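Notes follow the structure.
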Protein chains: 2
Amino acid sequence: MSVTPKARGRHHHGDLRRALLDAVAEIVLEAGPERVSLRECARRAGVSHSAAAPHFGDKRGLLTAFATEKSERLRAAMEQAVADLPPGADARAVLAATGHGYLGFARDNPAHFRLMFRTDLIDTADPAWRHAAQAARDPLDRAMAALVPAADAAALRARLAFAWAAVHGFCTLRAELPRNELWHPAPRGAEVAEDLVALVVRACAAPERSAD
Amino acid sequence: MSVTPKARGRHHHGDLRRALLDAVAEIVLEAGPERVSLRECARRAGVSHSAAAPHFGDKRGLLTAFATEKSERLRAAMEQAVADLPPGADARAVLAATGHGYLGFARDNPAHFRLMFRTDLIDTADPAWRHAAQAARDPLDRAMAALVPAADAAALRARLAFAWAAVHGFCTLRAELPRNELWHPAPRGAEVAEDLVALVVRACAAPERSAD
DNA sequence: CGGAAATCTGACCGTTGTCAAGTTCCGCCC
DNA sequence: GGGCGGAACTTGACAACGGTCAGATTTCCG
């Protein structure tokens with residue numbers, strides 16, 4: 001009931017689109033993305049079924065719009081973490097902060113984070129989504145470019161994939177294997193996340209070669 | 001139709017359980033786990049609806065059993081990769097092979113891999129699943145223990161999470177963001193995977209500290 | 001041959017997406 | 001200021017699908 005069933009201003013409802021997206025957030029939080037449906041969202045927004053269809057045609061459209069919003073928030077979280085650094089922070093600190101921004105967002109919004117990567121539920125051809133998803137990569141791209149010599153394109157590419165994969169994988173595992181001790185030696189979340197970022201940054205900052 | 005609709009031996013069907021699990025594999029491959037249902041599986045196995053219920057009570061039971069099987073195959077893939085090493089391989093090579101086993105399994109079975117981590121669709125309390133999921137961690141645990149000094153428990157823990165997260169994250173991203181160029185500079189899959197494993201192994205083998 | 005387990009048939013209920021037709025309300029224009 | 005067109009929303013109905021249950025039926029084993 002927390003979606004503020006109605007409001008006036010225009011027509012019957014103030015901003016139905018907004019209310020529906022908030023409903024999506026609620027449902028995803030409580031019951032997972034599977035249970036999102038046009039009808040259920042309409043129910044929570046206090047409008048009748050079939051009111052959602054004109055706005056988002058489809059359940060997929062609904063989730064795509066939602067994921068787009070959240071992608072922008074993920075990007076904002078990373079940029080905020082970088083902005084919060086003390087002035088004069090070096091490239092390693094910027095990369096670490098970017099990672100912590102990503103980790104923090106996923107920790108605070110595990111359900112939304114999960115959904116963002118459920119590409120089977122999202123219309124990956126949607127321009128707005130594509131743009132937001134692309135933009136969410138910018139902070140990492142910038143941080144890494146500042147750390148890796150511009151010459152070495154291959155090293156840059158490998159480190160981008162590596163850093164993203166490591167942080168993303170940690171978030172995924174943490175969100176997906178919740179509270180059961182499969183995460184073997186009880187990771188003390190925050191501490192392990194700290195160590196993980198440190199390992200990533202060190203590996204990315206290391207010079208290219210090393211005798212194997 | 002490739003599930004071999006019937007067979008004789010006992011009762012009406014030779015091994016319905018097997019046939020149903022094969023049907024799950026088919027459906028997951030073609031249409032994703034969402035479309036798995038008792039009815040659809042029964043249909044493909046050539047039996048009538050409600051024939052599946054006695055074996056697996058539930059759609060969740062069905063997917064849990066399937067994920068359990070696949071977890072065992074993931075473990076086997078890693079152990080095989082290690083076994084294929086030339087004799088006398090050192091601890092770093094073992095760790096790298098373990099990672100490549102994981103990567104290879106996820107590359108060859110992206111749909112199954114995805115499902116294995118859809119804990120919302122799986123009964124995570126099921127003993128068989130828990131055992132298989134635990135066991136799937138063994139190869140990494142062994143490889144890492146051989147590489148990290150036994151004394152340093154914290155370093156071991158951090159490196160386990162790190163290595164698993166990096167490789168798992170890469171597999172997830174590759175499976176989840178398919179064929180669209182969001183994966184920014186077109187990763188040339190195999191090559192990037194190779195570099196990624198190298199970075200992980202190097203980071204794990206590195207001595208504990210490093211200035212600032 | 002008899003009993004038990006596996007499977008089939010048929011039905012019920014709840015959920016969802018979709019459509020067609022009606023209703024309410026906004027803003028515009030004379 | 002009063003109607004008027006149209007957009008936003010409502011109502012009601014339909015078909016499809018999934019899970020579940022009761023009871024009949026087949027098959028196996030002893």
Side-chain angles (χ1 to χ4, degrees), chain A residues 1 3-24 26-28 30-66 115 118 120-123 126, chain B residues 3-28 30-66 115 118 120-123 126:
Chain A
M1 302 290 143
V3 198
T4 62
K6 284 242 177 165
R8 64 210 110 349
R10 306 178 46 202
H11 307 295
H12 299 220
H13 198 290
D15 188 351
L16 183 53
R17 187 186 168 88
R18 179 72 264 140
L20 289 171
L21 286 175
D22 291 347
V24 173
E26 266 194 26
I27 301 171
V28 167
E30 295 174 9
E34 329 297 330
R35 274 216 182 147
V36 172
S37 71
L38 296 182
R39 284 180 113 104
E40 177 66 19
C41 288
R43 222 167 285 148
R44 304 218 180 192
V47 298
S48 68
H49 62 257
S50 87
H55 287 276
F56 318 85
D58 202 341
K59 164 181 179 177
R60 164 156 292 159
L62 196 53
L63 292 175
T64 302
F66 182 72
L115 173 59
R118 290 291 306 280
D120 54 327
L121 297 179
I122 289 178
D123 175 15
D126 180 78
Chain B
V3 198
T4 61
K6 286 239 178 169
R8 68 214 108 347
R10 305 178 48 200
H11 308 295
H12 299 218
H13 198 289
D15 189 352
L16 183 51
R17 185 184 170 89
R18 180 71 264 141
L20 289 170
L21 286 174
D22 291 347
V24 173
E26 266 194 26
I27 301 172
V28 166
E30 295 173 10
E34 329 297 330
R35 275 215 181 148
V36 172
S37 72
L38 297 182
R39 282 180 118 103
E40 178 65 19
C41 288
R43 223 168 283 148
R44 303 218 182 192
V47 298
S48 68
H49 64 258
S50 85
H55 286 276
F56 318 86
D58 204 342
K59 165 181 179 176
R60 165 156 293 158
L62 196 53
L63 292 175
T64 302
F66 181 72
L115 173 58
R118 291 291 305 282
D120 54 327
L121 297 180
I122 290 178
D123 176 15
D126 180 77

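Within every chain, numbering begins at 1; the chains are lettered A, B, ... in the order of the sequence lines, protein sequences first and strands thereafter. Note that the coordinates shown come from a computational prediction; the quantities given were computed from them, not determined experimentally.
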Could you give the [atom1]-to-[atom2] distance, from [X] to [N], as a whole number of Å?
X	N	atom1	atom2	value
B:Glu34	C:dG17	CD	P	14 Å
B:His49	C:dG10	NE2	P	9 Å
B:Arg17	C:dA6	CZ	C1'	15 Å
A:Asp15	D:dA8	CG	C1'	13 Å
B:Arg39	C:dA11	CZ	P	13 Å
B:His55	D:dT20	NE2	P	16 Å
B:Asp58	D:dG19	CG	C1'	9 Å
A:Phe56	C:dG17	CZ	P	14 Å

Check your understanding: What nucleic acid atoms does A:Ser37 come within less than 4.0 Å of, heavy atoms only: base, sugar-phosphate, or nothing?
Key -> sugar-phosphate

Review point. So what does A:Arg43 hit on the nucleic acid, given a heavy-atom distance under 4.0 Å: a base, only sugar-phosphate, or nothing?
Key: sugar-phosphate

Review point. Quick one: which of C:dG17, D:dG19, D:dT10 gets closest to the side chain of A:Val47?
Key: D:dT10

Review point. Nearest of C:dG17, D:dT11, D:dG18 to any side-chain atom of A:Ser50?
Key: D:dT11

Point to revise | Closest heavy-atom pair and its distance - B:Thr64, B:Asp126 | key: CG2-CB, 3.7 Å

Point to revise | Nearest heavy-atom neighbours spanning B:Ala51 and B:Pro54 | key: O-CD, 3.3 Å

Review point. DNA chain C: B:Ser48 or A:Arg35, which has the more 5' nearest nucleotide?
Key: B:Ser48

Which pairs would a plain distance check flag for residues 30-39 of chain A, meaning a side-chain donor or acceptor within less than 3.5 Å of a matching protein atom at least two apart in sequence or in another chain?
from: A:Glu30; atom 1: OE1; to: A:Arg44; atom 2: NH1; distance (Å): 3.1
from: A:Glu30; atom 1: OE1; to: A:Arg44; atom 2: NH2; distance (Å): 3.1
from: A:Glu30; atom 1: OE2; to: A:Arg44; atom 2: NH1; distance (Å): 3.2
from: A:Glu34; atom 1: OE2; to: A:Arg118; atom 2: NH1; distance (Å): 2.9
from: A:Glu34; atom 1: OE2; to: B:Arg118; atom 2: NH2; distance (Å): 2.8
from: A:Ser37; atom 1: OG; to: A:Glu40; atom 2: N; distance (Å): 3.0

Point to revise | Min side-chain heavy-atom separation B:Arg18-B:Leu21 under 4.5 Å | key: yes

